[in-house]
2 protein chains.
Amino acid sequence: MKTVLLTGATGYIGQFAVRHLIDRNYVVHAVSSKPSNLESTETLVWHQANLMDPAETAELVKKVRPTHLLHFAWFVEHGKFWSAPENLDWLRASIHLLQEFVAGGGKRIVMAGTCAEYDWRNPQDRFSELDSPVNPQTLYGVSKHALRLILEKYAFQSNISYAWGRIFFLFGGSEPPDRFVPSITRSLLHGEEAKCSHGNQVRDFMFVEDAAEAFVELLESKVSGPVNIASGSALTLKTIAGMIADIIGRPDLLHFGTITPPADEPSILVADAQRLQDEVGYNAYTDLRSALEKTIDWWKKHS
Amino acid sequence: MKTVLLTGATGYIGQFAVRHLIDRNYVVHAVSSKPSNLESTETLVWHQANLMDPAETAELVKKVRPTHLLHFAWFVEHGKFWSAPENLDWLRASIHLLQEFVAGGGKRIVMAGTCAEYDWRNPQDRFSELDSPVNPQTLYGVSKHALRLILEKYAFQSNISYAWGRIFFLFGGSEPPDRFVPSITRSLLHGEEAKCSHGNQVRDFMFVEDAAEAFVELLESKVSGPVNIASGSALTLKTIAGMIADIIGRPDLLHFGTITPPADEPSILVADAQRLQDEVGYNAYTDLRSALEKTIDWWKKHS
């Protein structure tokens, strides 16, 4: 029997991983720091736990006895997460969760990393897990990088299988409202002007529901080490914004060049997605327009 | 007023740092996990605390309000420390200590790193802080490396000054008895044969009392980043063993080539000590023969 401990289970990505895990015949033990009003079933058991508390983490792992661990939980408050001291709290909590999982006889771990582990000052057409230098410039990136180093070494010496999903740019329902896709979507839905920078920044965008599925496929696979969780498609912010405006029918409200982007903003952040597509075998990407339509529908109901 | 929190204060290096800190006009708050029967004075206050307990760490830092932190405490059991899960406990405890120190308004931090952060599979005449690749191959080395990455980033963004002392090979009183210098010394003092490998391994040996003083000088300096705590002298194990046998007067008991060294043992591990000597300005090395005489005297009293 496969028993997975899923952290961040009510979060941005985690919420969409639940169904895919059940489809893949896991008994899912879903953990959230918030009280959940979702009912537990035979294949989905909800837990409320504070992973910052070492005693609660130890007790949870002892109770669940997971064979698999899919770890999304982290501090992700928009605008603050890059340098927040909470990154260090989550690093400590994640290392402790790893220790308890290993001590409890767990078999495979997948944790969420970030494209911010790569060296953004060293521009690349595509960031590759095998060839691109890792040199994070933020406390968030350094904390994730440190966790991966520890995970890699400790999993290896404990004879446990591990993978590390490096997330690029996601969009979808329940994204923090001030981020790029939600802020444009909300403005246009309200009939307000959407101010944008020049819009020529090239990014790798992926639908959050696809990312959740890709993580579950990664957990199911035997692939080891870092894997970019990304589309591999290079799109400008202008293209994305234009498609949103087109779907909503308000291209007239989109004004590029009315905001000055940060001076240190990289011009290109795109993933090499070959490992995900070829080695993990994930190719079930939702087409961009459908994904944006779903996202816009979500915001219609929530803004 | 300079108030230093000294961890591992009864340990191998820490015990010798106390006097140098007092000489440099610090009020020393010395922490040990073990009960100390040493009496506190105006300039030396002893604390017993379990740094694994986040609440005890927080309480200690709030009480002491240190301006400086000199952190030696770690899991160091000979033979076990390379891969022990306790490395992860100490990594978590050290990150938490860092967080509390920063939150409490601390100004400068020095922590103990290791030559095992360098890539030993990539032989160098001398490992340099600036030029030699860091690529630790053990859980101990990875844990120290991860801690340094976190310390570097968090100190920088918190506007706190930091340095990181990479320890090479130390010898002196209270070294674990099964390590190289004590095991030969004890055999010869007991009139027993001392079995050695070929003895051609080249190492950087430093007297532990000198290392403690060098750490205090590093704390006093404004030098930032990693600094090798080492002699910069390349000596074979044969030379060291020969000098010990000569001092004790039993060269007849020394038998090289009677032990097979580990296959993956590096042939040369020597530090570039220029940063310590030129930038920190530490040059008060005890000459090797005097240091070995002191060490042998210690073992005469303790074995």
Using 0.5 Å steps for rounding, measure from the [atom1] atom of [X] to the [atom2] atom of [Y].
X	Y	atom1	atom2	result
B/Y140	A/K153	OH	NZ	15.0 Å
B/D89	A/H96	CG	NE2	7.5 Å
A/L139	B/S158	CG	OG	8.0 Å
B/Q99	A/L88	CD	CG	4.5 Å
B/Y154	A/S83	OH	OG	9.5 Å
B/Q157	A/W82	CD	CH2	12.5 Å

Mind checking what makes salt bridge (Lys or Arg N to Asp or Glu O under 4.0 Å) contact with B/E77, not counting sequence neighbours? B/K80
Chain B contact via [X] - which portion, at a heavy-atom distance below 4.5 Å:
X	result
A/N87	neither
A/L91	side chain
A/T138	backbone

Please indicate whether B/E59 has more than 12 foreign heavy atoms, meaning atoms of other residues, nucleotides or ligands, lying under 6.0 Å from its CD. no
Please check if atom NZ in B/K2 has more than 12 non-hydrogen atoms from other residues, nucleotides or ligands closer than 6.0 Å. yes
For the student: nearest non-hydrogen atoms of B/L149 and A/V142, plus distance: O-CG1, 3.6 Å
